[in-house]
Structures are given as structure tokens and as C-alpha cells.
Undergrad: 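The structure follows.
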Amino acid sequence: MKWIKRLCSFLILVIVILTGVLCVKGYMDYREALNEKSVEEMAAEIESIENYTTIDELPQTYIDAVLAVEDKRFYSHPGLDPIATCRALVNDIRAGAYVEGGSTITQQLAKNQYFTQEKKIVRKVAEMFMAFKIESVLDKDKIFELYVNSIFFGNGYYCVADASMGYFGKNPSEMNFDECTLLAGIPNAPTNYNPAASPELARKRQTQVIEKMKKAGYLEETSGKE
């Protein structure tokens, strides 16, 4: 029994050391990225794009749809959602592969603006540090605004206004329920879910978006497309 206890103690020590190393390396990568571009500079860079859309110009249905599919606790967490992270970890373990990231909208903004798309633990740690930094500098509405103005919507569209105009011929403020829920589902897999490339897959994804909106409490169970 003593050797079992020693082995457990050794394994715990190894885990603690590895965690410490990952945190230090992740923090160093975060600091390096932040030194190259501050949060304020990052925000100004996105705000300077043509067709930048403020959150006040977005339909509430679109905002709700994005929150439902990307980060339903966005307005209550500090940049990291422990519940989503733990759920993603369990699903990854079950699948035996990296199948779910559990990233918040803030983490996605951090990843897209500061880091590579590599699925590495150190990068995830750096991303978490950056998410906390972003949350300490910007308010939630601004973070959401920057996110939808800098993500890929497929078909060469990299902001919500370009996507809305490109797919529907409308400004974002003019989108109806159908268009809002369709557009909100695209960024998860823009190459596959954009309606220009695959209308059928886009509609299937839209159905998932609407179901998530119902589960999150944004829609009544009897609600449908308008």
C-alpha cells in the first residue's frame, strides 16, 4: 500500500510541476503578444475597418442567437467559463480527441487577434490570460462588437456587415429572424455552413441555432421563423 501512496504522490507532484510550467510558458506567450499589440490597439484596429457595425445597429435576435451558440454565459463570466471548459474537457476525453474547445467569445477574440489557430495547451493558457486582460480593459458590449466585426463568415466575408450585405443584400440592422439565425450559425464552420457554399448545411445549422436559443431561454418552445 505504501508504494501506491508514493506513486500517487509522485503523480500529483508531476501534474503540479507540469501545470506550473504550462502556466509560466502560457503567461510568457501572453506577455509577448500583448507587448506587440495592446488591447486598445487591437480594438482600434478592428474599429477602423470599413462597414464596422456597432452593437446598437445589430438586431437583438442576432445578438441572442450568437450568444446561444457561442457563449450563453458571456455577460456573467470574467472571460473564462469554467462550466463550458469542464464540459468540453469531458467531451474531449470521451471522444479521445480535441473535438470541443469550450472557448468564450472573449477567448475567441483573443485567439483570433493575438495567437495562431493551433490546438496546443500552451496556446490555450496564453489565450486565457489574454481573455482576462481584454475583460479588464473593455466592457462586454464592446467585446461582443469587436468579435462580430472580426470573425470569418465564409465566402470572403470577415465582418457581420459584409456577410449581411453579401448573403442578404441588407445592412445588419435590417436582418429578419430567418437571416439573423442563419448568419449566427455560420462562424462555427464558415466553409461548410455558409449558404453560398451549401444551402442545405446552412439550414441544418440554422435549426441547431434555433434549438440552442430555445434552450438558453431566448425563444419560446413554440417559436418559429418569422
Side-chain angles (χ1 to χ4, degrees), residues 13-58 63 66-67 70-89 92 98-154 156-163 187-191:
L13 179 61
V14 169
I15 292 172
V16 170
I17 292 173
L18 288 175
T19 300
V21 170
L22 288 172
C23 286
V24 170
K25 183 63 171 66
Y27 182 78
M28 290 173 64
D29 287 356
Y30 146 72
R31 289 302 309 178
E32 181 180 349
L34 190 64
N35 287 336
E36 291 181 3
K37 181 168 59 178
S38 70
V39 172
E40 292 86 353
E41 289 171 333
M42 177 272 291
E45 189 176 283
I46 298 174
E47 289 172 327
S48 69
I49 68 170
E50 188 177 0
N51 294 330
Y52 182 85
T53 305
T54 66
I55 196 168
D56 293 334
E57 297 173 289
L58 295 171
I63 296 172
V66 172
L67 293 175
E70 298 294 345
D71 189 358
K72 65 182 181 181
R73 284 178 286 274
F74 173 67
Y75 281 95
S76 62
H77 65 61
L80 178 67
D81 186 348
I83 297 175
T85 300
C86 290
R87 183 192 65 241
L89 179 61
D92 288 347
Y98 189 97
V99 296
E100 186 176 339
S103 295
T104 64
I105 283 175
T106 314
Q107 285 176 270
Q108 291 181 60
L109 179 64
K111 176 183 67 178
N112 293 337
Q113 298 303 313
Y114 288 98
F115 306 107
T116 67
Q117 302 298 310
E118 291 180 300
K119 295 178 179 179
K120 292 184 177 181
I121 296 178
V122 171
R123 196 271 294 161
K124 289 293 292 183
V125 174
E127 175 189 298
M128 290 178 186
F129 279 117
M130 188 63 74
F132 288 134
K133 178 63 177 180
I134 290 172
E135 293 266 353
S136 72
V137 175
L138 306 174
D139 63 38
K140 289 286 189 178
D141 284 352
K142 178 56 68 175
I143 293 170
F144 184 94
E145 193 174 285
L146 295 173
Y147 171 72
V148 298
N149 278 282
S150 62
I151 52 176
F152 185 44
F153 288 88
Y157 305 132
Y158 285 88
C159 71
V160 64
D162 288 350
N188 182 254
T191 301

Undergrad: Out of curiosity, Thr106 OG1 to Phe74 CZ, how far, rounded to the nearest 0.5 Å?
TA: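 Rounded to the nearest 0.5 Å, the OG1-CZ separation comes to 4.5 Å.
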Undergrad: What's the verdict on side-chain contact (heavy atoms from CB on, under 4.5 Å) for Arg123 and Asp29, showing C-alpha distance, side-chain angles and the deciding distance?
TA: CA-CA 8 Å; Arg123 196 271 294 161; Asp29 287 356; over 6 Å; no
Undergrad: Please find the pair of heavy atoms, one from Pro78 and one from Glu135, that lie closest to each other, and give the distance.
TA: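 In terms of heavy atoms, the two residues are closest at O-CG, 3.3 Å.
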Undergrad: Among side-chain atoms of Glu127 and Tyr114, is any donor-acceptor pair under 3.5 angstrom?
TA: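 Judged by distance alone, the side chains do not pair up.
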Undergrad: Do Ser103 and Lys124 pair up side chain to side chain, a donor and an acceptor below 3.5 Å, judged on atom types alone?
TA: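 Side chains of Ser103 and Lys124: pair found under 3.5 Å.
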Undergrad: Kindly assign one of parallel, tilted or perpendicular to the pair Tyr30 and Tyr27, based on the angle between their ring planes and the thresholds 30° and 60°.
TA: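 Aromatic pair Tyr30/Tyr27 classed tilted.
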Undergrad: May I ask you to check whether Phe129 and Phe132 place their ring centers less than 6.0 Å from one another?
TA: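 So the answer is no for these two rings.
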Undergrad: With rounding to the nearest 0.5 Å, note down the distance linking CE in Met130 to CZ in Arg31.
TA: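 Spacing of CE (Met130) from CZ (Arg31) equals 8.5 Å.
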Undergrad: Quick one: CD1 on Ile46 to SG on Cys159, what's the gap to the nearest 0.5 Å?
TA: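 That separation rounds to 10.5 Å.
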Undergrad: Step through the shown structure and confirm whether more than 12 heavy atoms of other residues, nucleotides or ligands are within 6.0 Å of NZ on Lys133.
TA: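 No, not enclosed.
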Undergrad: If every non-hydrogen atom of Leu22 is compared with every non-hydrogen atom of Val125, which pair is closest and at what distance?
TA: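 Closest approach of Leu22 to Val125: O-CG1, 3.8 Å.
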Undergrad: Of all heavy-atom pairs between Phe153 and Val148, which one has the smallest distance, and what is that distance?
TA: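 Heavy atoms of Phe153 and Val148 come nearest at CE1-O, 3.7 Å.
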Undergrad: Do the side chain of Asp71 and the main chain of Ile105 share a donor and acceptor less than 3.5 angstrom apart?
TA: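 Yes; judged by distance alone, with no hydrogens or angles, the pair exists.
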Undergrad: Start with the C-alpha gap between Leu146 and Leu138, add the side-chain angles, then the distance that decides, and say whether side-chain contact (heavy atoms from CB on, under 4.5 Å) holds.
TA: CA-CA 10 Å; Leu146 295 173; Leu138 306 174; 3.6 Å; yes
Undergrad: Measure the spacing between NZ of Lys72 and OG1 of Thr104 and express it to the nearest 0.5 Å.
TA: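 Atom-to-atom, Lys72:NZ and Thr104:OG1 are 14.5 Å apart.
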Undergrad: Is Met42 close to Ile134 at the side-chain level, that is, under 4.5 Å between some pair of heavy atoms?
TA: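 A side-chain contact under 4.5 Å exists here.
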Undergrad: For Tyr52 versus Glu145, what's the shortest heavy-atom pair and its separation?
TA: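 Answer, listing the atom of Tyr52 first, then Glu145: OH-OE2, 2.5 Å.
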Undergrad: Go through the steps for His77 and Lys140 under the test side-chain contact (heavy atoms from CB on, under 4.5 Å), then give the verdict.
TA: CA-CA 10 Å; His77 65 61; Lys140 289 286 189 178; 3.6 Å; yes
Undergrad: Looking only at heavy atoms, what is the nearest atom pair of Tyr75 and Phe144, with distance?
TA: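 So the two residues come closest at OH-CB, 4.5 Å.
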Undergrad: Minimum heavy-atom separation for Ile49 and Asn149, please, with both atom names.
TA: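 Shortest heavy-atom contact: CD1-O, 3.3 Å.
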Undergrad: Please report the interatomic distance CD(Glu50) to CG(Asp162), rounded to the nearest 0.5 Å.
TA: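 Answer rounded to 0.5 Å: 7.5 Å.
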Undergrad: Rounded to the nearest 0.5 Å, what's the gap from CD on Glu32 to CG on Asn35? Could you check?
TA: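 One gets 8.0 Å once the value is rounded to the nearest 0.5 Å.
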